Asks: 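Input: one structure, supplied below.
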Amino acid sequence: MKTDILAIGRNKEIMETLLRIIHNNKNWQAAGALTDEAAVQIFDSIHPAIVVLCNGIDDSSEKKLRSYFTARNPAVIIIQHYGGGSGLMRNEILQAMDTKANSKHPPS
């Protein structure tokens, strides 16, 4: 089963690149949103396990989106991605997934 990821940003070209990076992992599938309204609609449609917030989202929108997403799914992983290349985003997602998995199963 693939992990659904919602990427939210404001730049179409950057979004296309992010979605390509995410789709390079055979265990992930992603949708992208360029507006808050689209993000909410997609979130409610696909119920992603992970949300990636990219550059360009103002503080007010970020707070509203975080609040909306966590109210509907307290287990959702929200990652703030500032750029820095494809390897960084991939590692951010993997690290967040690993942290979440370890919090469910603490070491004995």
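Note that the structure is predicted; figures quoted are calculated from it, not measured.
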Asks: Checking side-chain contact (heavy atoms from CB on, under 4.5 Å) for the pair N73/H47: CA distance, chi angles, key distance, verdict?
Replies: CA-CA 8 Å; N73 178 6; H47 309 287; over 6 Å; no
Asks: Between Q80 and R66, is any pair of side-chain heavy atoms under 4.5 Å apart?
Replies: yes
Asks: Flag the pair T17 / I21 as yes when at least one side-chain heavy-atom distance between them is below 4.5 Å, and no otherwise.
Replies: yes
Asks: Side-chain heavy atoms nearer than 4.5 Å, only ILVMFWY residues, links allowed to pass through others: does that put I57 and V76 together?
Replies: yes
Asks: With a sphere of 6.0 Å drawn around CD of Q95, does it hold more than 12 non-hydrogen atoms of other residues, nucleotides or ligands?
Replies: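 No, CD of Q95 has 12 or fewer neighbouring heavy atoms, counting only those of other groups under 6.0 Å.
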Asks: Which distance, rounded to the nearest 0.5 Å, do you find between the CG of D98 and the CD1 of I93?
Replies: 13.5 Å
Asks: Grab the two heavy atoms, one from A49 and one from T3, that are nearest each other, plus how far apart they are.
Replies: CB-CG2, 3.9 Å
Asks: How far apart are the C-alpha atoms of I77 and V51, what are their side-chain angles, what is the distance that settles it, and do they pass the side-chain contact (heavy atoms from CB on, under 4.5 Å) test?
Replies: CA-CA 6 Å; I77 299 169; V51 173; over 6 Å; no
Asks: Counting C-beta onward and ignoring hydrogens, is there a side-chain heavy-atom pair between I78 and L53 closer than 4.5 Å?
Replies: yes
Asks: If you measure only the distance, is there a donor-acceptor pair under 3.5 Å linking the side chains of H23 and Q29?
Replies: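 Note: H23 and Q29 side chains miss the donor-acceptor criterion.
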Asks: Taking C-beta and beyond as the side chain, do W28 and R90 meet within less than 4.5 Å on heavy atoms?
Replies: yes
Asks: Could you report the tightest heavy-atom contact between I22 and A7, atom names first, then the distance?
Replies: CD1-CB, 4.5 Å
Asks: So with a 6.0 Å cut-off around CD of E16, is the heavy-atom count from everything else above 12?
Replies: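 Check passes, neighbour count above 12.
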Asks: Hey, what's the ring geometry for F43 with Y68, parallel, tilted or perpendicular (30° and 60° as the breaks)?
Replies: perpendicular
Asks: Does one hydrophobic cluster hold both V52 and L6, with members joined at side-chain heavy-atom distances below 4.5 Å?
Replies: no
Asks: Does the side chain of I14 reach to within under 4.5 Å of the side chain of C54, using non-hydrogen atoms?
Replies: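 Side-chain contact under 4.5 Å: no.
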Asks: Hey, does K2 have a side-chain heavy atom less than 4.5 Å from the side chain of N27?
Replies: no
Asks: Using every non-hydrogen atom in the two residues, find where L19 and A30 come nearest and quote the distance to one decimal.
Replies: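 Scanning both residues, the minimum pair turns out to be CD2-CB, 3.7 Å.
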Asks: Does V40 belong to the same Ile/Leu/Val/Met/Phe/Trp/Tyr cluster as I8, with side-chain heavy atoms less than 4.5 Å apart forming each link?
Replies: yes
Asks: Working to the nearest 0.5 angstrom, can you tell me the gap between N55 CG and N11 CG?
Replies: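 Answer rounded to 0.5 Å: 10.0 Å.
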Asks: Are L94 and I50 linked, directly or through intermediate hydrophobic residues, by side-chain heavy-atom contacts shorter than 4.5 Å (ILVMFWY only)?
Replies: yes
Asks: Evaluate the side-chain proximity of S61 to R10: yes if any heavy-atom separation is below 4.5 Å, no if none is.
Replies: yes
Asks: Report yes if some heavy atom in the side chain of K12 is under 4.5 Å from a heavy atom in the side chain of L34; otherwise report no.
Replies: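 In short, these two side chains touch, coming nearer than 4.5 Å.
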Asks: Which atom pair, heavy atoms only, marks the closest approach of I79 to E92?
Replies: CD1-O, 3.8 Å
Asks: Heavy atoms only: give me the nearest G32-I42 pair and the separation to one decimal.
Replies: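 Where G32 meets I42 most closely, the heavy atoms are O-CD1, 3.4 Å.
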